[in-house]
Amino acid sequence: MTGAPTDATERRDDESSARSLNFIEQIVEDDLASGKHGGRVHTRFPPEPNGYLHIGHAKSICLNFGLADKYGGQTNLRFDDTNPVTEDTEYVESIKADVRWLGFEWENEFYASDYFDKLYEFAESLIQKGLAYVDDSTSEEIAAQKGNPAEPGQESPYRNRSIDENLDLFRRMRAGEFPDGAKVLRAKIDMASPNMHFRDPIIYRIKHAHHHRTGDKWCIYPMYDFAHGQSDSIEEITHSVCTLEFIPHRPLYDWFIEKLEIFPSKQYEFARLNLTYTVMSKRKLLQLVNEGHVTGWDDPRMPTISGLRRRGYTPASIREFADRIGIAKRENMIDVGLLEFCIREELNKTTDRVMAVVDENPIKLVITNYPEGQTETLRIENNPEDASAGDREVPFSREVYVERDDFMENPPKKYFRLAPGQMVRLKGAYIVRCDEVVKDADGTVVQLNCTYIPESRSGSDTSGINVKGTIHWVSVPHAKEAEVRLYDRLFTVEDPSGEEGDFKSYINPNSLQVVRAKVEPNLSTRQVGDRVQFMRKGYFTVDPDSTADLLLFNRTVTLKDSWGKEVKKG
RNA sequence: AGCCCGAUAGUAUAAGGGUAGUACGACAGAUUUUGGUUCUGUUUGUCUAGGUUCGAAUCCUGGUCGGGCUACCA
């Protein structure tokens, strides 16, 4: 029982952790305190349906949905589909599946294209106010007019057309009278602004393209800057959260809202996620897929949600990760080790331990004093972290497979595994001593002849012998075959995008190693998506490509390996 | 060059003028039938120069460094 002082301490800790808000939560709480929007919090997650979601999006999803959860608000899922040539329903479906898999449910499913009529009206009203004009300049001419950040731009020769002419031209653009690129609608702001986005930004362009939702209804489409803020406003989004690169767009976001006199949504920006040993841009991920460096968007080496899912990551571990990395404006590079920590932390508590000899070419260990033909069934606990996980039956016999790594003919001092004359415990079974090493013609160790201590059986050990090492094993006559895919980081350098030259030249040639394994027979009952710990090896999940004949396991993450580290240090 | 954003341990992230804290990592030890887990301990930090103040990571000014801005992409 704890006394009053401890309670007080705990309460203070709770309060301080509850008060440790990220800067966006602080803004929300300030708004709540001042009664802004009647205490309403409404966020949105606005993906463009032109690619798959990745862990960086997960950060944004957790932020947006998390804000609404925390403050009793709502979150819309809104597809930012204003560019018909790159967008597709395939992506819409995968995005929805990924958001749901992460554990979030949206209030409304909206599309920027739902607002095309409204947006068109907004554009006309801007023209009526003398704040937009139709420009016949080519894209090269417009780029040239823009000037550069240090020097003011030049006004377009079409800038001072009359309102009536602009209206007529814009309507004819909509009616399809002009080919792609012939004209654009531009906001009339300030060609000398130090903010390049204010130099008469294009707000509508002609694209005779089929849209995944509106079909062929439109041949003019709004640009991001004339769709995003307005969509936020239409949905009465209170806090429109996006990444840093949109900071220069914010004055424009506010300008349109002010001129259109619509609901004053506000934009706030945070720093996107960067992870070591990977790339995060959609463009680069698409390249990896298209050029065959990975097997697809859901390749377990990809930082996509679907890749992580196939790799064996859980939604909770990703949410935990998003929570731990925090939200700030400073650019950051998160150690992928933190992601690995999050999944290990969860899987340690939740997965059954099983034994698998993950070795193309394991060593056969023969127990010379164990009766030939005898088999016994051992009961081994499934999870030392969770008594309720129960135990399982594991067959044991005279011959078992062990890993080549668990034997050394000339071991260093602190090697606790098999070596000539050395004893180890076979996990859940007996202590054995290595008596004789059998090699083939090439001198490769193929078999270890051992003797076992009959009184050392796990659970009823009366031998009094203490051994330092315990190794896993699989009974030879009972072993099942499996294929195991050992994944490693996709890149050899921490920041592939920051290195000289093409990021693809830093791809890790050993990011995937496919190995045969001998596994415990009870593993054959596992289903696709099940997760287990291969004792002493790591956490694995059953891949969807598994067949009735052959189970395929993907390694989610290795166990921490302090011995391996010791060996590396020399 | 102009404008914008940022700068707290190795990496992230708190401290809202009053003891620089937390997590991951690293290191050391204990426990352990997983060299896992767990537990304990150690280590390392406010970019810089001024100013305001009894007191500055925090407010102000200059500088330095890093990032961004000149798509009919979002």
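Chain letters run A, B, ... following the sequence lines, proteins first and then strands; every chain starts at 1.
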Suppose you measure atom C1' in B/rU44 against the same atom in B/rG21; what distance do you get, rounded to whole Å? 14 Å

If stacking means aromatic ring centre less than 5.5 angstrom from the base's six-membered ring centre, planes under 30°, is A/W563 stacked on B/rG35? yes

d(CD, A/E151; P, B/rC3) in whole Å: 14 Å

Ring centres under 6.0 angstrom apart (A/Y253, A/F246): no

Ranking A/N83 and A/R330 by the position along RNA chain B of their nearest nucleotide, the one closer to 5' is A/R330

Roughly how many Å apart are B/rU58 and B/rU48, using the P atom of each and rounding to a whole number? 11 Å

Expressed in whole Å, how much space separates the C1' atoms belonging to B/rU31 and B/rG16? 43 Å

Given atom CG of A/L252 and atom C1' of B/rA71, what is their separation to the nearest angstrom? 15 Å

Which part of the nucleic acid does A/G564 contact within heavy-atom distance under 4.0 Å: base, sugar-phosphate only, or nothing? nothing

Kindly say whether A/R78 contributes a backbone atom to a donor-acceptor pair with the side chain of A/N76 at under 3.5 angstrom? no

Using the C1' atom on both, measure B/rC39 against B/rG51 and round to a whole Å. 49 Å

So, A/F170 versus A/Y120, ring centres under 6.0 angstrom or not? yes

Using the P atom as the reference point in each nucleotide, state the distance between B/rU61 and B/rC3 in Å, no decimals. 14 Å

Whichever of A/R353 and A/I247 has the more 5' nearest nucleotide on RNA chain B, that residue is A/I247

Pair A/F540, A/R531 - check side chain to side chain contact (heavy atoms under 4.5 Å, CB included), show working. CA-CA 6 Å; A/F540 293 76; A/R531 300 178 178 90; over 6 Å; no

Where the side chain of A/M535 is defined as all heavy atoms beyond and including C-beta, which of B/rA1, B/rA26, B/rU34 is the nearest nucleotide? B/rU34

